[in-house]
Amino acid sequence: MRGAEHSGYRHSRHAGNAADVHKHAVLAWIMNRLGSAGGPLCILDTHAGDGLYRLEAGRRHLISRLREDRHRSPALEPYRRVLDAWARSAGEETYPGSPLLLRTLMGADDSLLLADTHPDAIDALRHRFDDDPRVTLLDGDGWAALEAWRTDGCMRGLALVDPPYDSDTDYRLAGEAMIGAAARRGPGVCLCLWYPLAEGPHQAMLDTLNGALAGRSLHAELRFPPSATGGMRGSGLFIVHPPDGLDAAIPEIGSRLARISHRSDTGWRARG
Ligand SMILES: C[S@@+](CC[C@H](N)C(=O)[O-])C[C@H]1O[C@@H](n2cnc3c(N)ncnc32)[C@H](O)[C@@H]1O
């Protein structure tokens, strides 16, 4: 289905920023935990992006501080191992987006479905993933992909939902899509939504999600000064059917990242 509408958003200017690092560190922890549970895992990345980005100098600094952190927080280890392996094989000037991070951590029997609407993202993904039989590319709408997603034949599932939020519509669509997907999935399927802490639009979405999914979800935010990401006040994750142990790992990841990046203003809220 080539040629679905795309917003024009490109992730390259955000890649490897504090919000990306927060999202990917939690994603790596979840992958590591689900991967150790045994049996095939079905993975969906609804808004996959290009998969690989050039790192700006300031962000390169954050990533090397993280890799060199002597504290070795256990909750950050899965992400740190991915960054280390990446730097060793590809150098320190590029950063792996969610598709490459997921592929690095997936097993031989797992499957990964990557969706994006931007032709350049699809071309980049095709170039990087065409030779991997575990990976399927969908040149089309991630919301529709989430609705149609099949996890039959898998013991467990994981969906990353990471839209650009370049219009308020994405907040509404994200809320509806997460509630719809949670209604169709049992506790073996983890749904992970990332959102930016903006001046207000995320709050109505969170109220809706918390109202519908309290008791089955976990919600965590990492706040940082506006200068860190060009006006964004922080990074949020709303996770439905979190794997056991994530409620303890998520604050550990947040406070360690805040230390590493010298940001003291962390504000965590967890539910579920
Ligand atoms: C925030 S970026 C994804 C970053 C990526 N998940 C990562 O962590 O490396 C959002 C992506 O969504 C894509 N996109 C926008 N609207 C979409 C839609 N309706 N369906 C699928 N992808 C879409 C954009 O082209 C962009 O590549």
Side-chain angles (χ1 to χ4, degrees), residues 1-31 43-56 59 63 79 82-83 86 90 94-106 112-129 135-149 158-178 180-181 191-198 202 222 229-230 232 234-239:
M1 168 172 79
R2 177 113 204 179
E5 283 285 310
H6 67 83
S7 62
Y9 171 96
R10 304 294 289 135
H11 193 60
S12 40
R13 71 192 176 90
H14 305 286
N17 69 10
D20 240 14
V21 163
H22 180 223
K23 167 182 66 185
H24 293 155
V26 172
L27 190 63
W29 187 95
I30 294 174
M31 276 297 288
I43 312 158
L44 166 64
D45 190 344
T46 60
H47 298 72
D50 294 15
L52 182 66
Y53 305 95
R54 189 142 286 280
L55 260 185
E56 285 177 10
R59 294 178 189 160
I63 301 295
Y79 180 50
V82 171
L83 294 177
W86 186 260
T94 56
Y95 180 78
S98 53
L100 281 170
L101 180 137
L102 291 165
R103 178 164 73 176
T104 304
L105 293 167
M106 70 194 275
L112 173 60
L113 174 59
L114 302 172
D116 206 289
T117 45
H118 200 292
D120 294 349
I122 287 295
D123 285 346
L125 292 172
R126 191 167 287 132
H127 175 66
R128 288 176 188 118
F129 291 90
V135 181
T136 305
L137 301 185
L138 175 69
D139 178 0
D141 183 40
W143 305 116
L146 181 61
E147 204 170 326
W149 186 39
L158 169 63
L160 171 66
V161 182
D162 184 21
Y165 298 99
D166 51 359
S167 80
D168 285 358
T169 311
D170 272 350
Y171 293 92
R172 182 180 54 75
L173 290 175
E176 289 169 4
M178 288 291 282
L191 308 167
C192 180
L193 172 72
W194 179 85
Y195 60 89
L197 272 64
H202 69 282
L222 178 62
T229 45
M232 197 196 301
S235 162
L237 289 161
F238 191 94
I239 299 165

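Whatever order the structure lists them in is the order used to number ligands and atoms, beginning at 1. Scope of the values below: all heavy atoms of this structure, side chains included, with no hydrogens, waters or symmetry mates. Each residue takes its place number in the sequence, starting with 1. Every value quoted in this text rests on a predicted model; they were computed, and no experiment measured them.
Counting the atoms of ligand 1 from 1 in the order shown, those under 4.0 Å from a heavy atom of H24 are 7 (C), 8 (O), 9 (O). The atoms of ligand 1 that sit less than 4.0 Å from any heavy atom of T46 are 21 (C), 22 (N). Taking every heavy atom of G140 and a limit of under 4.0 angstrom, the matching atoms of ligand 1 come to 20 (N), 21 (C). The distance from ligand 1 to the heavy atoms of G142 drops below 4.0 Å at these ligand atoms: 18 (C), 20 (N), 21 (C). Taking every heavy atom of G49 and a limit of under 4.0 angstrom, the matching atoms of ligand 1 come to 27 (O). Proximity to G97 (heavy-atom distance under 4.0 Å) selects the following atoms of ligand 1: 9 (O).
With a 4.0 Å heavy-atom cut-off, ligand 1 is reached by the backbone of A48 but not by any atom from C-beta on. Within the 4.0 Å heavy-atom criterion, the part of K23 lying near ligand 1 is the side chain and not the backbone. The part of H11 lying near ligand 1 is the side chain, judged by heavy-atom distances below 4.0 Å.
A centroid separation of less than 6.0 Å is found between the aromatic rings of H24 and Y95.
For P99, no nitrogen or oxygen atom sits less than 3.5 Å from a nitrogen or oxygen atom of ligand 1, counting backbone and side chain alike. Taking only nitrogen or oxygen atoms, main chain and side chain alike, D141 reaches within less than 3.5 Å of ligand 1. For ligand 1, one of its N or O atoms has an N or O atom of S98 under 3.5 Å away.
Donor-acceptor pairing under 3.5 Å is lacking for the side chains of D162 and H11.
Between the choices T169, T117, L138, L114, the shortest heavy-atom distance to atom 23 (C) of ligand 1 belongs to T117. Nearest residue to atom 2 (S) of ligand 1 from Y95, Y165, Y53, Y9 is Y9 (criterion: closest heavy atom).
The residue from Y165, W194, Y9 that alone fulfils the ring-ring contact (aromatic ring centres under 6.0 Å, His included) condition with H14 is Y9.
For the ligand labelled ligand 1, residue A145 lies outside the 4.0 Å heavy-atom shell.
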query = Where do R128 and D50 land on the salt bridge (charged side-chain N to carboxylate O under 4.0 Å, His left out) test, with the steps shown first?
reply = CA-CA 9 Å; R128 288 176 188 118; D50 294 15; 5.6 Å; no
